[in-house]
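Predicted model, so just to flag it, every value in this text is computed and none were measured. Ligands are counted one by one from 1 in listed order, and the atoms in each one are counted from 1 as well. Reckoned from all heavy atoms, side chains included, excluding hydrogens, waters and symmetry mates.
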Amino acid sequence: MARYALLTDIHANREAFEAVLADLERRAVDRIVVLGDIVGYGPDPGWCADRTADLAEAGAIVIKGNHDAAVESADRAMNAIARSAIDWTRARLSQSQSAFLARLPFTATAGDMLFVHASADHPKDWIYVTSERSAWPSFAASTARIIFCGHVHVPALYSCDMASRCQSQRITPGRPVPLIRSRRWLGVIGAVGQPRDGVAEAGYAIHDADANELTFRRVAYDNAATAAKVRAAGLPETLALRLLRGS
Ligand code: ZN
């Protein structure tokens, strides 16, 4: 058992990634899990791929996201902005960085936990978990007691009881939620590098498997610096504005 730091949707945002890594360093974390979308949208894909590869080397679990997959083969379901950012990203990754992303698995497990980027029922279809209704297929497809995903960029927590009733659970950053054992749990972890809930801070979470508690966290970072890099790179302006607004 251990304390797990859950990171997702880094999106080539070096400043947010560094702020989260500095924050978790102070919190006695035993293992880091990255739930995908290391690149895409942001201005530092190479740096973020290298840093994540270093974490993997040191024992982190790293999962593939839809943007990571789109580096290898274009995703026709992506909107025009995401697609243009991926074309920009692809041209800036070294062969070894692209190969690292291509090698990532779609799911992984540890103890009673399942890790996946999007909905666990069809991990390669990149389905968003945004409601009790869309949380249910993940529970149905898996026997894991706890599932962690990302992809949505808005933190959320769902639980499922013995009668398969799904319920959304209120979360407050910094306040631990006991993942009581009579229910199953699905944590949608907030984005490190592109929050969309109106809070312009990096998001991540810590799961203490011994205490059986999940804590969502927010960390301020220099989003103005990242937005300036987005503009200097010639990436779409909305990607800079998103970082400034957090939505
Ligand atoms: Zn994402």
Side-chain angles (χ1 to χ4, degrees), residues 6-17 19-20 32-45 47-49 51-52 61-90 93 97 100-102 104-108 115-120 122-130 134-135 138 147-156 186-205 216 218-219 221 223 226-227 230 235-236 238-243 245-247:
L6 305 155
L7 284 61
T8 189
D9 298 281
I10 295 162
H11 282 299
N13 184 334
R14 174 177 176 165
E15 290 72 28
F17 194 9
V20 164
I32 294 174
V33 183
V34 178
L35 299 168
D37 278 6
I38 296 146
V39 302
Y41 296 136
D44 283 311
W47 191 90
C48 290
R51 191 72 186 85
T52 307
I61 296 169
V62 184
I63 301 298
K64 187 183 287 186
N66 52 313
H67 289 252
D68 309 320
V71 167
E72 194 182 4
S73 54
D75 179 350
R76 264 172 288 170
M78 267 185 173
N79 67 46
I81 287 169
R83 228 179 13 236
S84 79
I86 278 296
D87 290 341
W88 182 93
T89 298
R90 195 180 293 119
L93 291 172
Q97 289 162 344
F100 167 70
L101 298 176
L104 297 174
F106 287 93
T107 62
F115 308 111
V116 60
H117 182 65
S119 187
H122 293 97
K124 298 177 188 177
D125 288 351
W126 316 118
I127 300 160
Y128 290 91
V129 177
T130 54
S134 55
S138 289
I147 304 165
F148 290 117
C149 71
H151 195 42
V152 183
H153 298 214
V154 177
L186 170 56
V188 182
I189 309 303
V192 170
Q194 197 201 73
R196 293 179 189 166
D197 59 354
V199 180
E201 295 180 344
Y204 81 105
F216 286 82
R218 297 310 279 265
V219 184
Y221 76 98
N223 59 334
T226 316
V230 167
L235 285 159
T238 68
L239 297 176
L241 291 176
R242 273 204 134 148
L243 297 180
R245 287 195 307 245
S247 69

Original post:
Does some side-chain heavy atom of L7 sit less than 4.5 Å from a side-chain heavy atom of F17?
Top reply: yes
Original post:
Using 4.0 Å as the upper bound for N to carboxylate O, is an ion pair formed by D9 and R196?
Top reply: no
Subject >> Any Q194 side-chain heavy atom under 4.5 Å of N13 side chain >> reply: no
**OP:** Take the Zn ion (ligand 1) and tell me which protein N, O or S atoms are nearer than 2.8 Å.
**Re:** D9 OD1, H11 NE2, D37 OD2, H153 NE2
Subject >> Side chain to side chain, L6 and F115, heavy atoms closer than 4.5 Å >> reply: yes
Subject >> Min side-chain heavy-atom separation P123-K64 under 4.5 Å >> reply: no
Original post:
Within a strict 4.5 Å, meaning less than it, do heavy atoms of the H11 and V39 side chains meet?
Top reply: no
